[in-house]
Asks: 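Structure incoming, see below.
Note: hydrogens, waters and symmetry copies are ignored here, and every other heavy atom, side chains too, is used. Residue numbers begin at 1 in each chain, while the letters A, B, ... track the order of the sequences.
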Amino acid sequence: MRAVLPHPLLSMGLFVASVLLSDSLAPPSLVLGVVMALAAPQVMRAMRIEPVSVRAPLAIITLAGRVAVDILRSNLAVAQILAGRRADRVSGFIHIPLDLKARYGLAVLAIIITSTPGTLWVEYDRARGRLLMHVLDLVGEETWVRIVKDRYERLLMEIFE
Amino acid sequence: MSARILEVGLTTALVLLGLALVCAAFRIIRGPRAQDRILGMDTLYLNGMLIAVVFGIRSGSDLYFEAALVIGMLGFAATVALAKFLMRGEVIE
Amino acid sequence: MTDWLEHLIIGPIVLPLIVAAGMLLIDERRRIVKGVLSLAAMAVILVMALLLIHESTTGAVDGGDVARVYRLGDWAAPYGIVLVADRLSTLMVALTGVLGICALVFSLARWDRAGPRFHILFLLLVMGVNGALLTGDLFNLFVFFEIMLAASYGLVLHGSGETRIRAGLAYIAVNLTASLLFLIGVSLIYGLTGTLNMADLATRIPDIAAEDRGMVHIGAAVLAVAFLIKSASWPLGFWLAPTYSAASAPAAAMLAILSKVGVYVILRLNALIFSAEAGASAGFGLEWLLAAGLATMLFGVLGMLATRDLMRAAAFAVMVSSGTLLAVIGGGGIASLGAALYYLVGSTLACAALFLVAEILERGRDPGGDAGKAVFEDEYRDPFEDTERNDPGLVIPAAVAALGGAVVLCTLMIAGLPPLAGFIGKVAMMGALVSADSVAGWMIVGMLAVSSLAAVISLTRLGVGAVWTRDETAPNLVVGAGEFVGIAGLLGACVLMSIFGETVLAYAQHTASWLAEPSAYVGAVLTGEGR
Amino acid sequence: MTIGLLLVLLVALPFIGAVVAAGLPRHARTAAAVLSWVVAFICVVCLALLWPRFQDGEVLQLDIPWIPSLGMNLMLRLDGLSWLFSALVLGIGALVVLYARYYMSPKDPVPRFFSFLLAFMGAMQGLVLSGNLIQMVVFWELTSLFSFLLIGYWNQNPLAREGARMALTITALGGLALLVGMVLLGQIAGGYDLQTVLDSRDLILADPRHTVALGFILVGAMTKSAQFPFHFWLPRAMAAPTPVSAYLHSATLVKAGIFILIRFWPVFAETPMWLAVVGGAGMVTLLVGAWTAIFQHDLKGLLAYSTISHLGLIVLLLGLGTELGAIAAIFHVVNHATFKASLFMAAGIIDHEAGSRDMRKLSGLFRFMPVTAALAIVAAAAMAGVPLLNGFLSKEMFLAEAVAGAGRHPLATALPILATLASAFSVLYSLRFIHATFFGPPPTALDRTPHEPPVWMRRPVEILVLLCLLVGMFPALTVAPFLRSAAVSILGVDLPYYSLAIWHGFNLPLLLSVIALAGGVGLYLLFGRRINANGTGGPLAVRWLNGGYLFEKTMTGLFRGAELGMTMLGARGVQQQLRVIILVAVGVAIIAGLGADGLGLAAPVLAAPSLMDTAFALMWLVGGACAITAAWQAKYHRLAAVVLMGGAGLASCLSFLWLSAPDLAITQLLVEIVTTVLLLLGLRWLPKRLESIVVPDHLQRRSRIRRRVDLIIAAVTGLALSVGAYAVMMRPAITNGVSQFYVEQAYVLAGGRNLVNVILVDFRAFDTFGEITVLGIVGLTVFVLLRRFRPYGDSLPEPTQKRVQAASDRRREDRSEGDTLKEAMLVPQVVMRWMFPFIILFAMHLFLRGHDLPGGGFAAGVALSVAFVLQYMASGAQWVEERLEIRPAAWIGLGLLIATLAGVGAWVFGHPFLTSAFQYADLPLLGRVPIASAVVFDLGVVVLVLGATVMMLVALAHQSLRKARQAASADAPEDRT
Amino acid sequence: MSVASMPEWAATVIAVLAVGGAGLSLLGAVGLVRLSSFYDRVHAPTLGATLGMALILVASWLYFGTAHGRWLPRELLIAVFLTVTTPVTLILLARAALFRDRTEQSEPQEKPVPMGGDQPGG
Amino acid sequence: MIEIVLALAIGVLGASGVWLLLRPRTFQVIIGLCLLSYAVNIFIFAMGRLRVDAPPVTASGLETPALYADPTPQALVLTAIVISFALTALFLVVVLAARGATGSDHVDGEEPRG
Ligand code: NA
Ligand code: NA
């Protein structure tokens, strides 16, 4: 099983992507999807990439929902700032201590934070488990630490550790 | 009527995106630092991709989709290379 | 024609490519295999070229000339790309073959080890040249020009070293610019005529609307600039001498044909598109070609006189020969054109031979100098710990005498002194030009005489310097057997051209008349429909 | 034996002998001499056999076709004149060979000498036996060539090299003139056949171009025969071994020009130009040569100038335009050859046995070598025109003609006076030659004691001197028939009366002769001591007339002038060359446009822009601004320039999208991404350019001007491009072009819906085939170049960023070197690695759908290469190459092979290269699927593009690694800064 | 199905989504111009890269669904890949900027740049 | 209208490219060649006349040429893009090699002499 499907999640993603690319559910497109889903991950095997193992699949959905909402909210918040409605705004860097150690977890967290308007993942110190973040609207360091740790980190640790 | 609504809406969107291109280009040209230019470039790519999508809708053809996907999927290779160069002085180590 | 003969036309293009591609899969260290393979390929190409010559002179039903057309992808012209083998293109392919074999044999003694992938680049250069000569499509011509140039870039840089790299830089910069002009010219012509096929273009030019003709002429003029750059016409060819003289000898010898490909294209397009049947465009730009040709001859003459280096003198000789051809195309008329084609073959061979000889003489002369010295190095060792490796060839006692003889023969050829082909070509050109008794004709005759004299003065000066001032204490000339064979081959070809002067000259004269009547060419290309 | 064979042997045998001699071993002196002598002897026999075969005025001809279409045939023609000249060439040749055997040192490569000598003999034979104008030029030039080789025989001697070069330059100049003249003459006469030309005298003279032809021919003849002002090469040629001087520079080579003059005498002799130029040049040469000869100290130099003088005499005789003059000229040719050759040989003997040719060192040699002295005295007397010797006879004829011709000739009464003066000079230098060498006290300045030469070295001299005596005393019994035969071949059978008798009674010529003799002796008595003692140059006039000096100056001037011309007409450096190219291209386009009836340019219609147009214009506002800023910033802000270029590129991509070219947009985007990475990889190795670098004022001013000019050039070029593009865009589309066929037939005939792709892989697949070959070649070249790449010293150290980051890593205890990089790449790595399979998938789709929808092999290949590069960027080269097998060179080869085999495959089905097949296949599970063989071709494209692109990127990336490796190794190359 | 048969509400929705998305993107780009420090400017384009992009992609999906009956959400591909890749650039860029600012202390910064732990000057 | 814009675009790209092409530093020349090839690519493309919303991708069957943009120039541009990409890469590498060998990034391989 490992030889054929070293990265089952990846294969699934590839299959879906292939079907979407073909823009069709006709048999040739599905066959191509299967072939690609089996073939393309071989390259990951050659590169000896450690597979993703998801411990709590349901948590993913929760996380996705939260992120979607946060991104939406942040969009509106940042839009207001850019529209010039918040002259008193202060931006700045903040340090956030992270317990999350899993590589993929950290990657997802980085993507979430950076994708959310108004926050930016800048630097992660692995030795100290500390993240340096830039925030467009520095409403208070504690708020941001809580948001990151409670809303994302905990779920990510559930999923990846 | 639908066609007219679409026409007006999508053309407006294209003009807005065009203006966004101008803003991004301003940042590229103005700088002042290399990171600003690269950021401008990233924004330029993003808005270019959006133009491709909107233009695809406007012409009612899915022939433009791949072009948008190329930017969406591979465009970051250029900006990543630039950023890496800035960070390390070398793209590939 | 049997089946395999049908495909003969593409042979000189596909064969070197297949061999080169195959070699890429062979370990670079297996040099003997590669040498044998490329030599065999070149030999076969030459045989093919000779067969093609035979075909193009005897192929027609009534025994006359014919343009053999090869429809690539089985698409009829003008929709697909066609290869056209006629007297002119096959002659040039054969010339490339002779030159290629000799340069290759020469390189086997030593030069093919001056850098990796020599044989591959060499064969691909041959492929590019043959393609450019055979194609009947304007844009495909661009593509083959690029193949030819890309390979020539590689070969110019072959052997590395500062001089080569500097010269290569200038060479590439100029040729990239020329390529852009090529594209502009081709696309303008396409934009106004809707076709890229040369024969089709020839049929469309006469009927073109009056208000479009100016734009077509602009396109043609820009295109001509691109070709004139490649044929090193003044004032577009200053790059030639530094590049050719810096290149490794076998590369320089092959480059001798490259400038002639530029001339060939000018001749071909001029004959097809601006022929007497081209209506208001007939004879477009000929006076400019004449002027450019004369100026090029003058510049080449000055260069030959000014230089103190035999390689450079050879390079300027290439310019003089290009200039001569351009001038004759521009102002000579058919009779002198025939003679000029004969001259083209001879001068190309001679210049190539001179490059080879000069390199040996310079090599033996200046063992310590490293300006133009190649870095011989095995690709599989760490490049940072390379030590010079200079494979000795045979130490031939009479080497100096033999090389002196070769210099003499080259001088005779280039200066157009009897009894070799250079003289025959010059007499033939002069005869035709004098009997035409035009101002242009006399100007060319004058420049011909001046260039001959300059060649004598320059080459004796440099030849005497290189051969006669070698005293007993000078290091032995180390010359590989292959190097001798290569030079002897080129000069032998010159001698054969002289002995069989009548045959070759008749072929050339016939080719000129064939060019003057493009309808047969056009007719052969434009028959057949669809697939 | 047939006549034809004999004729052929006369010319061919010497050449055959030359080839054989060249093959002899280096020391085979005797063998070579014997061979040469045998050749000469056989030729003499052949010539003798031919003597009785033609009667008065008859001509033997043999026509061997060579290039009949040009009228260039080997036409061997024997008549009285050529027989006489041929006899001279062969006879003296045989004697010289004998002499040379003893003269040449065993240390020299003597076989080569004889080889050249025989080849020269053959060339002379070819010339005098020539019945074709072009053939004359051929052998004429061959005599120049072998003379060059013979003069330069002792090439270790710089004087020999210089002399040889000078001789060749002058005679080649003459040869070219002769060629032009002959070609023109042939054109006028209607053929190159000599007989035709001789027969069409009236036709030729009626053509006004005949003066041009004659002018060129005369230049040829005068250079070869050392006529003023081309005479100076001859004394310089004396650096040759003496046998060469004796043979070439007295008897044969220098007579070639005279031979030509005699040959065409019947045609041109009466033209005013002939009388003026030939007569004038002859007169001047006669006097200048004689005058200069007087002051020479070198025996050979004296003889050389004397030769010049005598050649002038002969030319003057021909230039008189009288029949008797022509006969006298022919006679003097023979006489001069005999006495001058013997004198040269004698001089050679003196040089050989006494070790010097300097008359100031030589003295009283009579007592050491009485026989040689006696021979030399007789020969010199012949030269001086002493009665009872052959020289007297022809000089009497000369003086007679001078007197007779005084009335008609342009020189009028000056003619006899000048002739007498020249004769007196001749007596003077002959006397000096003899007196200074053989008489007086024994020599003191010589290194050795002189003695007689080996007997066989003297024999040739003896034979020649004997001839001088015989002819001088019994002309009617010896030379008369040959002279008559030669004269008849020029003048026809009705010869004027002439007498070869010694005594014609007391007459004016005799008086003049006596005056000359007495004057010469008197002058020597008066001035001999001063002449012998004078310094180097002699009187002012001699130095002033030193053409050799002028020639050297001319040559130096020529080389300098050429260099100057090169700088004026040439371009320095790449920039100038490119500037010229752009200017010419724009200029030529403008001229071509102006020359046309009109360009159909419509004035731009400025309607109110629609909203869509505004969006398009905004895109180009961005693109244009980026381009201009890139141009402005590229010098100091390279990274910015790369980014700005990307901006301009994106505008291009979007335009392609906008204007219905999605394939272009995709391809351009992909290429741009790769180009950006490539440029960044290269940027590492280029020097930093700082605005703070101080440039000197004058350079700044110059560069400011240059920048302004360039700005104008750029603006004009841009404008030209704009106008050209606009003019075509506003024209109605072509409706009968090839594209219409593509649109109509692409699906039906080629089975594809994406027309662009169908064109690329089917209609014009050959273009694509070539295009990928270019890519492959470039990939290889890049690889080849980078294997040899040596970074310049200042780019060797690691980039600042890397060094500072490494240092900070080292400072902290909880971190190790490289942690900063690892942490920074932690997130990017994950994304970039996981994108790999998705990009592969995407590339696969681009490839598969290409035939019907935007995409195709090239786009797929580049997309794949981007995937690879992302891995390199994310994880480093080492990481990638430990895991994936990257063999770009093999991929290039494989791609080329696949594409080629896809093309060749058509042969199997009897179709031309690259013929594609297209069919629907019903497959289980999949249903009806279109299968086009062009896909295989496109697969080759993918593989090759991947290989080439990866090759370029990776080879460049590896430089950093190599550098690191090199820094680590102990034996790093020397620092080059 | 085609544009002509598309209900007006759908057209309106599509138009609004497109204009909204474009507007957000423009706003982000304007931020790029207006914000004064680099670290602030980095945030601006995210607007277009998230919600702006999403709105436009949804518009596209709706359009091709309603007009051409093609409901497979191909646009998802763009959304996913863009979301995943944009942060990569931004993170690297911010990191590079931080590094440069730390090393070039001489250049005055509007906002203080945090030092990386104990690293004096970088 | 778009014709004017595109013509101007070609002109601006071309002018910028030419200006850089004539500059002394190799890097400037590379950028110049890139810009010039953009200009030329669009120029070639423009020779097929401009069409909006008419990509040359046909339905399956016989077709009316007037409905589609001219595909030929597009194919030519594709080839030209590839070739100019390749040659730009090559030129870059030669530039680097020249810089390594001569130490100068001047196009002539040496700094201009005063
Ligand atoms: Na963010
Ligand atoms: Na060389």
Asks: Starting from the C-alpha separation in whole Å, work towards a yes-or-no answer on side chain to side chain contact (heavy atoms under 4.5 Å, CB included) for C/Leu180 and F/Phe43.
Replies: CA-CA 11 Å; C/Leu180 293 175; F/Phe43 186 90; over 6 Å; no

Asks: What distance separates C/Phe142 CZ from F/Ile83 CD1, expressed to the nearest 0.5 Å?
Replies: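 Result: 4.5 Å between the selected atoms.
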
Asks: Ignoring hydrogens, what is the shortest heavy-atom contact between F/Ala101 and C/Ile165? Give both atom names and the distance.
Replies: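 Scanning both residues completely, I find the closest heavy atoms to be CB-CD1, 4.3 Å.
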
Asks: Any donor-acceptor pair under 3.5 Å linking the side chain of C/Arg166 with the backbone of F/Val107?
Replies: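 Here the side-chain-to-backbone pair does not exist.
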
Asks: How long is the span from the CG atom in F/Asn41 to the OG atom in C/Ser187, to the nearest 0.5 Å?
Replies: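 It is 10.0 Å, given to the nearest 0.5 Å.
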
Asks: Mind running side chain to side chain contact (heavy atoms under 4.5 Å, CB included) on F/Val94 and C/Leu157 for me, showing each step along the way?
Replies: CA-CA 9 Å; F/Val94 175; C/Leu157 296 164; 3.7 Å; yes

Asks: Can you tell me how far apart CG (C/Leu196) and CG (F/Leu76) are? Round to the nearest 0.5 Å.
Replies: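 The distance works out to 5.5 Å.
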
Asks: Can you tell which part of F/Thr26 gets under 4.5 Å to a heavy atom of chain C, answering side chain, backbone, both or neither?
Replies: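 When you check distances to chain C, only side chain atoms of F/Thr26 fall under 4.5 Å.
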
Asks: Would you mind checking which part of C/Ile184 comes under 4.5 Å of any heavy atom in chain F, side chain (CB onward), backbone (N, CA, C, O), both or neither?
Replies: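 Contact with chain F involves both backbone and side-chain atoms of C/Ile184.
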
Asks: To the nearest 0.5 Å, what is the distance between OH (C/Tyr79) and OG1 (F/Thr72)?
Replies: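 If we round to the nearest 0.5 Å, C/Tyr79:OH and F/Thr72:OG1 are 11.5 Å apart.
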
Asks: Measure the CG-OG distance between C/Leu183 and F/Ser84 for me, rounded to the nearest 0.5 Å.
Replies: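 OG of F/Ser84 is found 8.0 Å from CG of C/Leu183.
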
Asks: Compare all side-chain heavy atoms of F/Thr79 with those of C/Val143 and state whether any distance is below 4.5 angstrom.
Replies: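 Side-chain contact under 4.5 Å: yes.
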
Asks: With respect to C/Leu176, which candidate in F/Leu90, F/Leu33, F/Leu21 satisfies the side-chain contact (heavy atoms from CB on, under 4.5 Å) definition?
Replies: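 Answer to the side-chain contact (heavy atoms from CB on, under 4.5 Å) test with C/Leu176 among F/Leu90, F/Leu33, F/Leu21: F/Leu33.
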
Asks: Rounded to the nearest 0.5 Å, how far does CD1 of C/Ile189 lie from CE of F/Met47?
Replies: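 Taking CE in F/Met47 and CD1 in C/Ile189, the distance rounds to 11.5 Å.
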
Asks: Could you report the tightest heavy-atom contact between F/Val95 and C/Leu169, atom names first, then the distance?
Replies: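 That closest heavy-atom pairing would be CG2-CD1, 3.6 Å.
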
Asks: Is chain C contacted by the side chain of F/Asp108, its backbone, both, or neither, given a heavy-atom distance below 4.5 Å?
Replies: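 The backbone, not the side chain.
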
Asks: Under a 4.5 Å cutoff for heavy-atom pairs, which residue among F/Leu36, F/Val29, F/Asp70 has the most contacts with chain C?
Replies: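 With the most close heavy-atom pairs to chain C, the winner is F/Asp70.
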
Asks: Side chain from CB out, backbone as N, CA, C, O: work out which of these in C/Ala173 comes under 4.5 Å of a heavy atom of chain F, or both, or neither.
Replies: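 Both parts, backbone and side chain.
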
Asks: Walk me through it: do C/Tyr190 and F/Ile44 pass the test side chain to side chain contact (heavy atoms under 4.5 Å, CB included)?
Replies: CA-CA 9 Å; C/Tyr190 173 81; F/Ile44 303 173; over 6 Å; no

